[in-house]
Amino acid sequence: MQSDYTLLVLTGIAGALLLLVIELIPSVRFWRKSLTAILLSLMTLLWVTLPQTGQWPLSIWSPSTVSGGILLWNLTPAIWGLGLVLALALSSVAWIEAVDSRSMPSLSGPITLAALLAVWHGLAGGSLLTTLALWSVFDVLWGAAGLFSGNDGERMTFGLFAHGVASLCLWAAILLLSREGGGTLWWSIWPTTPVMVLLVAAAFLRIGLYPFQVVYPRRLRAVGPMTLVALLGPVMGFALLYRLLLIPANIALPASLTLMGTLSLLWGGARALTGKGKSALLWANYGLLGGIAAAVVLTGSTLLVPAALGTWFLSFALILAARCRDTRAIFWSWPGWIAVLML
């Protein structure tokens, strides 16, 4: 188990560094697309080899009364399945991009590989400290992906601010739990009302429910794996909701989340009806996020979160690739068929 995990992490880090070096050498930059697709596919295969259930420590921090104590990997079958879906979607879009005649955004490969590693760790984080640490890493990659993808600078600034406030809420929850003498491992958490409010607020901001839809991209100028990195922020927020549903205290999520999810669904639907092209597609996809959030709170089902989220992400990747693909590209070439098989 530990060796499989180590190989996965080393492959991701080495692959990101290799792509970063290639970015600096003009004579071999044309290999970026194919190599990115190959490395993402290899990481997907390594993820498949991981056991679907497992717990092991990544790092222990001191003093534990301040930091929350431990970075821990806690993998469940549902999280393993969601992680696989995310990897398949990114790999498929990378293969489609490999046959696209348009240029690849700068640093797309290193950012995508690093973001996938960060999201996997965020999903499988077994403690509040792990979640907080990976949120911080992901925020840097999310901002870089938006910058190199040409997204609106003002919107990116507000998005990073919302993500930062979400991380502060999570940090405040850790401090309150430590002060109360409670544990920060997910299976040992018994949150008081203030802690629960902070955790729900963190998930709320990370998902980007209305009126914080600013964290969700409003336009996409190109299709590629780095494009999908912008959509991974809500995945991290829903992962927090999933963990809250599993805590032994068995505390119901507040009804306000249902209201905000419903408003997000209505807002996204209204903007999709008045929008055009990819903008309408993005707003419709945002509305679906609100519907998932409302359904999760109403049902309290832990299985609904990864199943609905995986379907949402994979279907959007497929639709986006089909609508935004370069029509001059030869889709029936071998990279195109690999993409089809993965999707």
Side-chain angles (χ1 to χ4, degrees), residues 1-13 15-16 39-61 68-91 112-138 141 170 174 183-189 199 202-203 206 229 232-250 292 296 301-314 342:
M1 181 186 301
Q2 187 70 45
S3 59
D4 293 337
Y5 164 78
T6 303
L7 180 60
L8 174 66
V9 173
L10 290 178
T11 300
I13 294 175
L39 288 171
L40 284 171
S41 301
L42 177 59
M43 290 175 64
T44 303
L45 291 175
L46 292 174
W47 178 266
V48 172
T49 64
L50 290 176
Q52 297 186 20
T53 303
Q55 298 174 2
W56 61 91
L58 309 179
S59 178
I60 298 176
W61 293 10
I70 187 169
L71 294 178
L72 187 74
W73 180 282
N74 177 33
L75 202 57
T76 66
I79 291 297
W80 181 90
L82 178 57
L84 177 60
V85 168
L86 299 180
L88 287 173
L90 289 171
S91 301
T112 303
L113 262 67
L116 180 58
L117 271 181
V119 171
W120 274 344
H121 282 76
L123 292 176
S127 68
L128 279 171
L129 179 62
T130 311
T131 302
L132 177 63
L134 271 301
W135 277 14
S136 302
V137 173
F138 176 79
L141 298 170
L170 200 60
I174 293 175
T184 57
L185 301 179
W186 283 117
W187 55 86
S188 65
I189 290 178
L199 293 176
R206 181 66 57 168
V229 172
L232 290 174
V235 174
M236 303 284 270
F238 274 106
L240 177 55
L241 286 184
Y242 173 78
R243 294 294 181 180
L244 292 178
L245 290 171
L246 290 177
I247 59 177
N250 196 25
I292 294 173
V296 167
S301 172
T302 56
L303 295 178
L304 178 61
V305 178
L309 208 57
T311 304
W312 168 80
F313 192 84
L314 190 59
M342 285 187 167

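If you're wondering where the values come from, they're calculated on a predicted model, not measured in any experiment. Only heavy atoms go into these numbers, but all of them, side chains included; no hydrogens, no water, no symmetry mates.
Looking at Trp120, its side chain does come within 3.5 Å of a backbone N or O of Gly83 through a donor-acceptor pair. Remark: the backbone N or O of Val235 is not paired with any side-chain donor or acceptor of Arg206 at under 3.5 angstrom. Between the side chain of Ser91 and the backbone N or O of Leu40 there is at least one donor-acceptor pair closer than 3.5 Å.
Residues Val137 and Ala118 share a closest heavy-atom pair of CG1-CB, 4.2 Å. The two residues Ser127 and Leu185 make their nearest non-hydrogen contact at CB-CD2, 3.7 Å. Residues Arg243 and Ile79 come closest through the heavy atom pair NH2-CG1, 4.2 Å. Gly126 and Asn74 get closest at one heavy-atom pair: CA-CB, 3.5 Å. Taking both residues in full, the closest heavy atoms of Gly12 and Leu113 are given as O-CD2, 4.0 Å, listed atom of the first, atom of the second, then distance. Here the closest heavy-atom approach between residue Trp47 and residue Leu84 is recorded as NE1-N, 3.3 Å.
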Practice item. Start with the C-alpha gap between Val85 and Leu309, add the side-chain angles, then the distance that decides, and say whether side chain to side chain contact (heavy atoms under 4.5 Å, CB included) holds. Key: CA-CA 9 Å; Val85 168; Leu309 208 57; over 6 Å; no
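Residue Ser136 holds its OG atom at 11.0 Å from CG of Leu141, rounded to the nearest 0.5 Å. Rounded to the nearest 0.5 Å, atoms CG (Leu241) and CG (Leu199) are 10.0 Å apart. Put simply, CG on Leu50 and CG on Leu8 are 5.5 Å apart, with the number rounded to the nearest 0.5 Å. Going from atom CG of Leu246 over to atom CD1 of Ile189 covers 11.0 Å, rounded to the nearest 0.5 Å. Rounding to the nearest 0.5 Å gives a distance of 8.5 Å between CG of Leu39 and OG1 of Thr11. Atom CG of Leu232 and atom CZ of Phe313 lie 4.5 Å apart (nearest 0.5 Å).
Using a 4.5 Å cut-off on side-chain heavy atoms (C-beta onward), Met236 and Val119 make contact. Looking at heavy atoms from C-beta onward, Leu123 lies out of side-chain contact with Tyr242 at the 4.5 angstrom threshold.
Between His121 and Trp73, the ring-plane angle classifies as perpendicular under the 30° and 60° cut-offs.
Looking at Leu304, Val305, Leu240 one by one, the single match for side chain to side chain contact (heavy atoms under 4.5 Å, CB included) with Leu245 turns out to be Val305.
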